[in-house]
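Accompanying notes for the structure given below.
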Amino acid sequence: MRGVETVLFLVVVATVVATFARRLRVPAPSLLVVAGVAVGLLPGVPVVQVTPDVISLVVLPPLLFAAGEELPWRDLRAVGRPVAVLSVGLVLLSAAAVIGTAVAVTPLPVGMAFVLGAVLASTDPVAVTALARRLALPPRVQALIQAESLFNDATSLLLFRVALFLAVAGGAASWSRTLGEFGLLAGGGLAVGVLTALGAFLIRRRTEDPVLETVISLVTPYAGYLVAESVGGSGVTAVVVASVILGTQAERLTTARIRLQVGAVYQTVVFLLESVVFGLIGLQLPALVRRVAGDGAWWLLQAVAIAATLVLARLLLVFVLSAVRQRREAGRISWQVPAVVSWAGARGVVPLAAALSLPVATLDGSALPARDLVLLLTTAVIVLTLVVQGFTLAPLVRRAGIALDPADLRTEYSAARRKLAEAGLSHLDHLAETESAPAFAVDQLRAGWQARLDHIRGDTGEDDWVRGIDYRALRRELIDVEAAELTRLFEAGEITDGTRRRIQRLLDLEHAGLED
């Protein structure tokens with residue numbers, strides 16, 4: 001029960017933290033990590049033992065799936081080349097830099113320094129997506145940051161397996177075997193991801209029950225992850241590929257009502273899992289410090305040095321690649337975009353799962369050297385990147401001046417709604433000309449659509465914008481009146497609970513639409 005109580009406590013804390021995060025305009029993951037550390041420092045707090053299966057099998061798949069669905073295929077294609085370079089080259093550079101720093105500033109042997117470098121080599125998709133979600137970044141920059149974190153798993157996982165083999169077995173790695181394993185990781189994950197998306201698509205196209213649709217949507221990432229891992233592929237890659245493919249087919253899969261329900265459920269699941277996992281990361285650190293470092297503070301200096309190494313390696317490669325590309329395409333070099341991309345390299349859930357999966361003994365039965373120190377440094381670096389980079393990423397975006405202007409976003413939104421309304425009116429005119437619909441229905445719809453178009457066109461001026469707000473406020477008031485009457489009818493026994501729920505849902509959807 002101690003573990004269950006801790007999880008429930010973290011959920012309660014996360015709800016409070018998320019509320020303050022919105023008011024303070026700071027990223028919730030960073031604040032959750034700080035809250036976890038603060039709770040872990042309290043006397044009498046039990047030590048929470050997190051197993052790698054809990055992280056990799058329970059937490060990761062749905063969070064990765066949600067992150068992949070947010071990545072538009074159009075934007076992903078536009079950044080495909082830099083993502084490929086960063087997913088391989090930057091991972092290798094980061095691992096090499098961490099190995100050198102760890103050998104220089106920590107007591108880790110070379111083999112365990114290799115393990116630490118492999119664990120921390122790649123950015124974390126869960127952390128990066130959670131941090132970038134609240135920033136109004138340009139589409140290509142957002143896609144580059146998210147896609148890199150989603151697709152660098154195969155490289156980092158391969159490095160981790162090679163490093164683990166060297167540390168545990170004490171043998172030499174074969175290049176042919178290493179390349180073959182990389183092909184199996186990436187190719188197997190890609191193939192399973194495509195098959196998972198195809199299977200989910202075929203099933204969901206034939207499902208009209210909202211509950212079954214929600215269950216299938218929740219099961220899909222777990223199925224893809226488990227199948228990929230069972231055949232030797234990358235489960236993370238499989239989940240990401242499946243989510244990106246299904247994300248492009250969202251409108252073809254289900255009805256609007258089911259999409260609303262599935263979206264609401266997924267938002268709840270993502271919030272709960274992110275709350276627990278980021279809280280656990282912070283909660284782990286004080287316990288690890290007490291167990292490994294005692295009263296010494298050298299671990300903190302070592303973690304700062306490793307985190308700084310990761311940032312510098314990322315800055316170096318991103319700025320060099322960006323300078324070469326900008327010189328070739330534009331003839332001038334700017335610092336804004338590469339600075340934001342470089343600073344958005346937080347570590348998080350995936351490195352923690354890798355570090356937790358380290359065995360406690362080598363093949364000959366002896367204890368794996370410095371395992372606890374690797375886990376401590378990994379957790380400390382994760383906390384440092386989430387806190388330092390998490391709290392400063394938004395100010396950097398504002399300083400760089402690359403964030404999308406809210407006024408431009410409102411203009412784009414109004415222009416899109418206007419074009420949709422004009423398309424609807426054009427279709428009504430076509431129906432009237434061909435007499436393919438009753439004239440009274442066409443006239444009634446045309447009046448409604450014309451009123452909608454007039455209202456949208458009125459959003460461009462300040463006075464009309466105020467009138468639009470007044471209109472929505474009046475419409476919400478009318479919906480409240482209708483809801484009160486619905487409650488009266490139900491309490492008077494004039495309608496059943498099923499009818500009440502169906503009508504209440506319609507009123508809720510209309511009320512939500514007026515909040516845009």
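These values consider heavy atoms only, across backbone and side chains, with no hydrogens, waters or symmetry-generated copies. Positions are given from 1, in the same order as the sequence printed here. Owing to the predicted nature of the structure, the values given are computational and were not obtained by experimental measurement.
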If every non-hydrogen atom of Ala147 is compared with every non-hydrogen atom of Val83, which pair is closest and at what distance?
CB-CG2, 3.7 Å

To the nearest 0.5 Å, tell me how far Phe65 CZ sits from Ser217 OG.
5.5 Å

If you round to the nearest 0.5 Å, how far is OG1 of Thr207 from CZ of Arg205?
11.0 Å

Looking at side-chain heavy atoms only, is the closest gap between Thr196 and Val227 below 4.5 Å?
no

Any donor-acceptor pair under 3.5 Å linking the side chain of Arg347 with the backbone of Gly345?
yes

Are Leu246 and Thr220 side-chain neighbours, meaning at least one heavy-atom pair lies under 4.5 Å?
yes

Residues forming a side-chain hydrogen bond (donor to acceptor under 3.5 Å, both in side chains) with Thr101, sequence neighbours excluded:
Thr309

CZ of Arg399 to OG1 of Thr392, rounded to nearest 0.5 Å, is 14.0 Å

For Leu377 and Trp299, work out which heavy atoms get closest and say how close.
CD2-O, 3.7 Å

Partners of Thr214 by side-chain contact (heavy atoms from CB on, under 4.5 Å), sequence neighbours excluded?
Leu218, Gln261, Val262, Val265

Derivation of the side-chain contact (heavy atoms from CB on, under 4.5 Å) call for Leu358 and Leu375:
CA-CA 9 Å; Leu358 289 173; Leu375 185 56; 6.0 Å; no

Residue pair Phe151, Leu76: steps toward the side-chain contact (heavy atoms from CB on, under 4.5 Å) verdict:
CA-CA 11 Å; Phe151 288 101; Leu76 178 59; 4.2 Å; yes

For Ser56, all residues meeting side-chain hydrogen bond (donor to acceptor under 3.5 Å, both in side chains), sequence neighbours excluded:
none

Less than 4.0 Å between a side-chain N and a carboxylate O, is that true for Asp372 and Arg291?
yes

Could you name each residue pair satisfying side chain to side chain donor-acceptor pair (under 3.5 Å) that touches residues 373-383, not counting sequence neighbours?
none

Using side-chain heavy atoms (C-beta onward) and a distance below 4.5 Å, is Pro351 in contact with Ile382?
yes

The single option from Ile99, Val311, Asn152, Leu310 that satisfies side chain to side chain contact (heavy atoms under 4.5 Å, CB included) with Ser94 is Leu310

Tell me whether Ser30 contacts the main-chain N or O of Leu386 through its side chain, where contact means a donor paired with an acceptor under 3.5 Å.
yes

Rounded distance (nearest 0.5 Å) linking atom CH2 of Trp343 with atom OG1 of Thr385
10.0 Å

Closest heavy-atom pair, Gly232 versus Leu185, reported as atoms and distance to 0.1 Å, is O-CD2, 3.7 Å

In terms of heavy-atom contacts, Val239 and Pro221 come closest through CG2-O, 3.4 Å

Selection residues 225-236 - residue pairs positive for side chain to side chain donor-acceptor pair (under 3.5 Å), sequence neighbours left out:
Asp153-Ser234, Ser234-Thr237

Report the residues that fulfil side-chain contact (heavy atoms from CB on, under 4.5 Å) with Leu316, sequence neighbours left out, ordered by chain and then residue number.
Val320

Looking at every heavy atom in both Leu396 and Val340, which two are closest together, and how far apart are they?
CD2-CA, 4.1 Å

Just checking, any donor-acceptor pair under 3.5 angstrom between side chains of Asp124 and Ser149?
no

If only atom types and distance count, is the side chain of Tyr222 paired as donor or acceptor with the main-chain N or O of Pro62 below 3.5 Å?
no

Test item: Val383 and Gln284 side chains (from C-beta on) under 4.5 Å apart, heavy atoms
no

The reported gap from CG in Leu86 to CG in Leu317 (rounded to nearest 0.5 angstrom) is 6.0 Å

Can you name the residues that form a side-chain contact (heavy atoms from CB on, under 4.5 Å) with Gln336, not counting sequence neighbours?
Ser334, Ala400, Ile402

Under the salt bridge (charged side-chain N to carboxylate O under 4.0 Å, His left out) rule, collect the residues that match up with Arg371, sequence neighbours excluded.
none

CG (Leu92) and OG (Ser156) are apart, to the nearest 0.5 Å, by 10.0 Å

Do Leu63 and Val270 have side chains that get closer than 4.5 Å, going by heavy atoms?
yes

If we only count heavy atoms from C-beta on, is the Asp75 to Pro72 side-chain gap below 4.5 Å?
yes

Going by atom type alone, with no hydrogens or angles, which donor-acceptor pairs under 3.5 Å involve a side-chain atom of residues 105-117 and a protein atom two or more places apart or on another chain?
unit_1	atom_1	unit_2	atom_2	d
Thr106	OG1	Ala102	O	2.4
Thr106	OG1	Leu108	N	3.4

Step by step, would you call Leu283 with Val37 a side-chain contact (heavy atoms from CB on, under 4.5 Å)?
CA-CA 5 Å; Leu283 196 60; Val37 173; over 6 Å; no

Any heavy-atom pair between the side chains of Phe278 and Leu273 that's under 4.5 Å?
no

Please list all pairs passing the salt bridge (charged side-chain N to carboxylate O under 4.0 Å, His left out) test where one or both residues lie in residues 28-41, with sequence neighbours left out.
none

Restricting to non-hydrogen atoms, name the atom on Val381 and the atom on Ala303 that form the minimum distance, rounded to 0.1 Å.
CG2-O, 3.8 Å

Without swapping roles, check the side chain of Ser243 against the backbone of Val240 for a donor-acceptor pair under 3.5 Å.
yes

So Val141 and Pro138, do their side chains get closer than 4.5 Å, heavy atoms only?
yes

What residues, two or more places apart in sequence or in another chain, satisfy salt bridge (charged side-chain N to carboxylate O under 4.0 Å, His left out) together with Glu213?
Arg204

Does Thr268 form a side-chain contact (heavy atoms from CB on, under 4.5 Å) with Phe271? I'd like the steps, not just the answer.
CA-CA 5 Å; Thr268 304; Phe271 172 77; 5.8 Å; no

Restricting to pairs with a member in residues 266-276, which pass salt bridge (charged side-chain N to carboxylate O under 4.0 Å, His left out), not counting sequence neighbours?
Arg133-Glu274

